[in-house]
Structures are given as structure tokens and as C-alpha cells.
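Right, one structure below, let's go through it.
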Amino acid sequence: MGLSPILEFTNVSKNYGNKKVVCDINFSITQNEIIALLGVNGAGKTTTIKLMLGQELPTSGEIKLFGKEPQDPQSRVSVGSTPQNVEFPDGLKTIETLQFIHAHYPHPLPLENMIEKFGLQSFLNAKASKLSGGQKRRLALALAFIGNPQIIFLDEPTTGLDVESRKILLNAIQDYSKMGKSIFLTTHYLEEIEQIATRILFLQNGKIIADGSVSHIKSLANTSNTKVTFQCNSKINWEQFKNMRSFQNDNDNYTLMTTNPDALIYELVQNNVPFHNLQIIRENLESAFLNLSKGK
Ligand SMILES: Nc1ncnc2c1ncn2[C@@H]1O[C@H](COP(=O)(O)OP(=O)(O)OP(=O)(O)O)[C@@H](O)[C@H]1O
């Protein structure tokens, strides 16, 4: 028996005036997923998150969150989120803000753990509205997790975070998914997401043009090529190398393209090619993203 979906989009479209921002998208999310929604600026990522949260209504199609409308308060209790821009009301201190939200949930996570996990100790008594941009984001992230929801939606959560805070967040996301929960996030930082995402949705002009694991997305985007670079100062008959797809050289600096770098390097060694400064540069999600965005 399959897991019942947490969220389901069926033929969902959203227009603003006569501009189609989300076009007939279908997907569902189940337990234990870390899903990254990728796409260039204006692709429709924030709109998709707003639709998921019931902050916008679809022009057509159906969205179900825990089998209910996303605006239904019963489904909202199992959802955590942070918007792209976070603001807090004047007056409440950080600790009071945490306590206030903590008290709203039936089975919240321990407050102390959240304070420690997101490094909030040093500004617990400061007014939340007066925190720095990065501190506000850390507080907002703690608030997204604090209710112990089944799914958390994060719109560009690492934007404005320093290196340490990014690490904290990425760990928090992984720990959370180990508890069987799901996280849905948008991001422009592909390198960090490549490490943790179990699934990538790729949005282009409001359409999902790819949906799958990081390796699936890379394979779709034709990134099976690996670059092998080295320096070599002797003349070589390159035609003999079966595992090489192409080569370029600039004097002694060589760049070879291959789908099998291990086999190619073995061939170089077997043929006594006197190379040095060898580097293997594997294509990453970033290049997959660029290829997909360009429609390659
Ligand atoms: N309330 C609105 N009214 C009219 N147009 C809107 C509205 N909100 C978004 N749009 C338009 O919808 C398109 C998609 O916007 P959206 O914010 O969803 O993109 P995004 O993928 O999140 O972009 P970014 O990476 O820049 O955050 C854009 O062209 C934007 O101008």
C-alpha cells in the first residue's frame, strides 16, 4: 500500500490578470521527502508555495493538503512555513514570540531544543522586530519547525544566512526528514541542496518540466560528461583513447571530456601519458539547472 499524499496538486493553474504564472501542474508529496523547487526568477516558485499554503487560490484545478483545502484550519495545524520576507510585530521579544507560537500547537517540539538548534540564545530578550535580517530568518525558521508539523514549506530559506546558519538549517532539515517528516523548499543555492534533496521539481514558465532525484535531473540535462584536465608536455596520439569523447588543448593544458573518467585515467596511465596536475570536474546540479533553463 502506498503512503497517502500530504499534498496533491491536480491540474493546477494560476493566472494574474491574463498572465499565466502556474500552468496545469500535477504532483504530490508524501512523507519523508526533501523536495527542492528550482527555477529562474519569475518561474512561479513563490506563487506555487502560496497556493500550497492557501494564501492564493488556483484559477483552475484542485489542491489538497491532508485531503482538505489548504485554507482549512485543520490542515494548517500540520504545516510549518516561512515566507521569503519575514517581519515580526512590534513589541514582542524573541522569547515571547517563540512562546506564543509554541503555545498554539498541540504537540510542539521542546522550546529549549529550538533555541539551541537555531542559535537564538544571544537575542532571546531583544525585540523580534529589531533583529538583524539573518537573526529574523533564524527565528522564523525556528517558528516553522516548532509546531512539529508533518510538512514545512520554506521559500528561499538560506537567503541572507551566514555560513554557520546555513549549516544549522541544512542539518535541521535532514534531522527533520529522518523523523519521517517532509520539507518543501525553493532555493537558488543549488550546491547545498544537491547534498540533501531527495527530489527536485524544476519549474519553467509555470510548468514542471522535470521531477525526480538529483541524479535523474542531471541525466535529463545531459550532464553525463565529466571534464578531466591536466598538463602534459609530450606529443600524444589522442585517437587511441576509447574513453575520450573530445579533447582541447591550450599549449600544455589539456581538457578531455568523458563519460567514464576512471576508465579514461586508466587508459592514460596504461599508455604512459606523462600528465600532472590532474583534475576531475564532474558536472553538478548547477550545470543541469543551466542546461534545463536554456532548454537543452
Ligand atoms: N500578486 C501578483 N500579481 C501579479 N503578478 C504577480 C503576482 N505575484 C507574482 N506575479 C508574477 O508572477 C510571476 C511569478 O512570480 P513568482 O514570485 O512566483 O516567481 P518566483 O519563481 O518565486 O521568482 P523569484 O525566484 O524571483 O522569487 C512573475 O512574473 C511575477 O511578476
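Order of appearance sets the numbers: ligands from 1, and atoms from 1 within every ligand.
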Against heavy atoms of [X], which atoms of ligand 1 measure under 4.0 Å?
{"X": "Thr47", "result": "15 (O), 16 (P), 18 (O)"}
{"X": "Glu156", "result": "25 (O), 27 (O)"}
{"X": "Lys19", "result": "29 (O)"}
{"X": "His188", "result": "25 (O)"}
{"X": "Thr46", "result": "17 (O), 18 (O), 20 (P), 22 (O), 27 (O)"}

Taking a cutoff of less than 4.0 Å between a non-hydrogen atom of the residue and any ligand atom, is [X] in contact with ligand 1?
{"X": "Val22", "answer": "no"}
{"X": "Gly39", "answer": "no"}
{"X": "Lys50", "answer": "no"}

*Please name the pair of heavy atoms, one in Met52 and one in Leu65, separated by the smallest distance, quoted to 0.1 Å.*
O-CD2, 3.7 Å
_Short N or O distance, Val21 and ligand 1, threshold 3.5 Å exclusive_ = no
Would you mind checking if [Y] and [X] are paired as a salt bridge, meaning a charged N to carboxylate O distance below 4.0 Å?
{"X": "Lys117", "Y": "Asp175", "answer": "yes"}
{"X": "Arg199", "Y": "Glu33", "answer": "yes"}
{"X": "Lys207", "Y": "Asp24", "answer": "no"}

*Would you kindly specify which portion of Asn41 sits under 4.0 Å from ligand 1, judged on non-hydrogen atoms: side chain, backbone, both or neither?*
both
*Please state which part of Val40 comes within less than 4.0 Å of ligand 1, counting heavy atoms only: side chain, backbone, both or neither.*
backbone
*With Asn18, which residues qualify under side chain to side chain contact (heavy atoms under 4.5 Å, CB included), at least two apart?*
none
*Given Lys45, Lys20, Glu56, which one has a non-hydrogen atom that is nearest to atom 25 (O) of ligand 1?*
Lys45
*Any ring pair (Phe, Tyr, Trp, His ring centres under 6.0 Å) pairs touching residues 35-71, not counting sequence neighbours?*
none
*Would you say the side chains of Asn205 and Lys20 form a donor-acceptor pair under 3.5 Å?*
no
*May I ask you to check whether over 12 heavy atoms, not counting those of His276, lie within 6.0 Å of atom NE2?*
yes
